Student: 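Dumping the structure here so I can ask a few things about it.
The sequence lines fix the lettering, A, B, ..., with proteins before strands; numbering per chain opens at 1. Nothing here was measured: the structure is a model prediction, and the numbers come from that model.
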Number of protein chains: 2
Amino acid sequence: MGLAKTEIFTDKQNEIAQYAKVFGHPARVAILQYLYKLNACVCGDLVDEIGLAQPTISQHLKELKNLGLIKGNVEGTSVCYCIDVDNWKKMKNVMSDFLNQDLNQKDCC
Amino acid sequence: MGLAKTEIFTDKQNEIAQYAKVFGHPARVAILQYLYKLNACVCGDLVDEIGLAQPTISQHLKELKNLGLIKGNVEGTSVCYCIDVDNWKKMKNVMSDFLNQDLNQKDCC
DNA sequence: ATTATTAATCGTAATATTGCAATATACAAA
DNA sequence: TTTGTATATTGCAATATTACGATTAATAAT
């Protein structure tokens, strides 16, 4: 059905999955890495940097924005994007809790 | 097209996206949390624990296994799954590098 | 041998995602 | 005001994902 049964999972599980999902495409990973590298902001040179069409990049940016991980400031005709530091930290806490649970060194069964 | 243009991204970017993608469904998050909690192994009580049909759980387990994050041991008629500790650590390193890059506190533009 | 139990696989329906061309919008410059 | 530039939105085609019923495979128990 292509549709996840979110209602049977906890809020936390859905939150983790939602964050992970947005990182689940290399274009969005690349966008975030580029925003990292330039520290401050960028605009549509993401289209040049990454080899995808402008509408495609715009769509990926929208998904990142919807989750609050980036924000965009209009600057004349262009839009300047950067990572939303506060929300990034919140995301990092959620994901770290999930990834860093203690594992017993026991082998399987 | 439903198909990511992986060839235009770096191996690392694709690797990050691939790991993230598998965490991008709450059922797989729930499976991993359950395997965490029980430390050692579990079998098809995942079907009872999570409210999805057996073929659906089996499919999610397969995806986790394909990435090497879990392994399964046949035990009679049932199969016992657990987290693959070594591969989990490798994954954690890759994801941590991505999530923990230094952020400048600068506001956008 | 037959039967039960458990898990994997197959097939399929419903929905989501990815990517882009075409178009719209919004502002700047002339 | 018209023209150019940058980004967003719309619409659509191709493919992927999710979920499950039906079936198969593999072992256990009788």
Student: In terms of side-chain heavy atoms of A:Tyr81, which of D:dT7, D:dC20, D:dA6 is nearest?
Tutor: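 Within the option list, the nearest is D:dT7.
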Student: Shortest non-hydrogen contact from B:Ala20 to B:Met95?
Tutor: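 Shortest heavy-atom contact: CB-CE, 4.1 Å.
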Student: Could you please spell out the steps behind the side-chain hydrogen bond (donor to acceptor under 3.5 Å, both in side chains) verdict for B:Thr10 and B:Gln13?
Tutor: CA-CA 5 Å; B:Thr10 67; B:Gln13 286 165 343; 3.3 Å; yes
Student: Considering every strand and a 4.0 Å limit on heavy-atom distances, what is the contact class for B:Ser78: base, sugar-phosphate, or nothing?
Tutor: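 Contact class for B:Ser78: sugar-phosphate only.
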Student: So, does B:Lys21 get its side chain near the phosphate of C:dT17, meaning an N or O under 4.0 Å from OP1 or OP2?
Tutor: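 Negative; the distance criterion is not met.
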Student: In whole Å, what is the span from the CZ atom of A:Arg28 to the C1' atom of C:dA16?
Tutor: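 Distance check: A:Arg28 CZ to C:dA16 C1' gives 12 Å.
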Student: At 4.0 Å (heavy atoms only), tell me whether A:Ile57 reaches a base, stays on the sugar-phosphate, or touches nothing.
Tutor: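 No contact at all - A:Ile57 keeps every heavy atom at 4.0 Å or more from the nucleic acid.
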Student: Between D:dA8, D:dA16, C:dA8, which one does the side chain of B:Leu3 approach most closely?
Tutor: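 The closest nucleotide is D:dA16.
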Student: Rounded to whole Å, please give me the gap between CD in B:Glu75 and P in C:dT5.
Tutor: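 In whole Å, C:dT5 P and B:Glu75 CD are 19 Å from each other.
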Student: Rounded to the nearest angstrom, tell me the gap between atom CD1 in B:Ile8 and atom C1' in C:dG19.
Tutor: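 Rounded to the whole Å, the gap is 10 Å.
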Student: Are OP1 or OP2 of D:dA8 and a side-chain N or O of A:Ser58 less than 4.0 angstrom apart?
Tutor: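 Result: yes.
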Student: May I ask you to verify if any side-chain N or O of A:Thr77 is less than 4.0 angstrom from the OP1 or OP2 atom of D:dT7?
Tutor: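 Checking A:Thr77 against D:dT7: no side-chain N or O falls below 4.0 Å of OP1 or OP2.
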Student: Does the plane of the ring in A:His25 sit parallel, tilted or perpendicular to the ring in A:His60? Use 30° and 60° as the thresholds.
Tutor: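 Tilted.
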Student: Side-chain N or O of A:Lys5 versus OP1/OP2 of D:dC20: is the shortest distance under 4.0 Å?
Tutor: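 Yes, A:Lys5 has a side-chain N/O under 4.0 Å of OP1/OP2 on D:dC20.
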Student: Check the distance between C:dT9's P and B:Lys65's NZ and give it to me in whole angstrom.
Tutor: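 Computing the B:Lys65:NZ to C:dT9:P distance gives 7 Å.
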Student: To the nearest Å, how far apart are B:Gln59 CD and D:dG21 C1'?
Tutor: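 Answer to the nearest Å: 13 Å.
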Student: Atom NE2 of B:His60 to atom C1' of D:dC20: distance rounded to whole Å?
Tutor: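 Going from B:His60 (NE2) to D:dC20 (C1'), I get 11 Å.
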Student: Send over the distance from A:His25 NE2 to D:dT15 P, rounded to a whole Å.
Tutor: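 Interatomic distance, NE2 of A:His25 to P of D:dT15: 15 Å.
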Student: Can you find an N or O donor on one side and an acceptor on the other, under 3.5 Å apart, linking the side chain of A:Gln54 with the base of D:dA6?
Tutor: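 For A:Gln54, whose side chain was compared with the base of D:dA6, there is no donor-acceptor pair (under 3.5 Å).
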Student: Please figure out whether A:Val74 or A:Thr56 has its closest DNA chain C nucleotide nearer the 5' end.
Tutor: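 Closest to the 5' end, via its nearest nucleotide, is A:Thr56.
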Student: Return the value, rounded to whole Å, for the distance between atom CG of B:Leu52 and atom C1' of D:dT17.
Tutor: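 Going from CG in B:Leu52 over to C1' in D:dT17 covers 14 Å.
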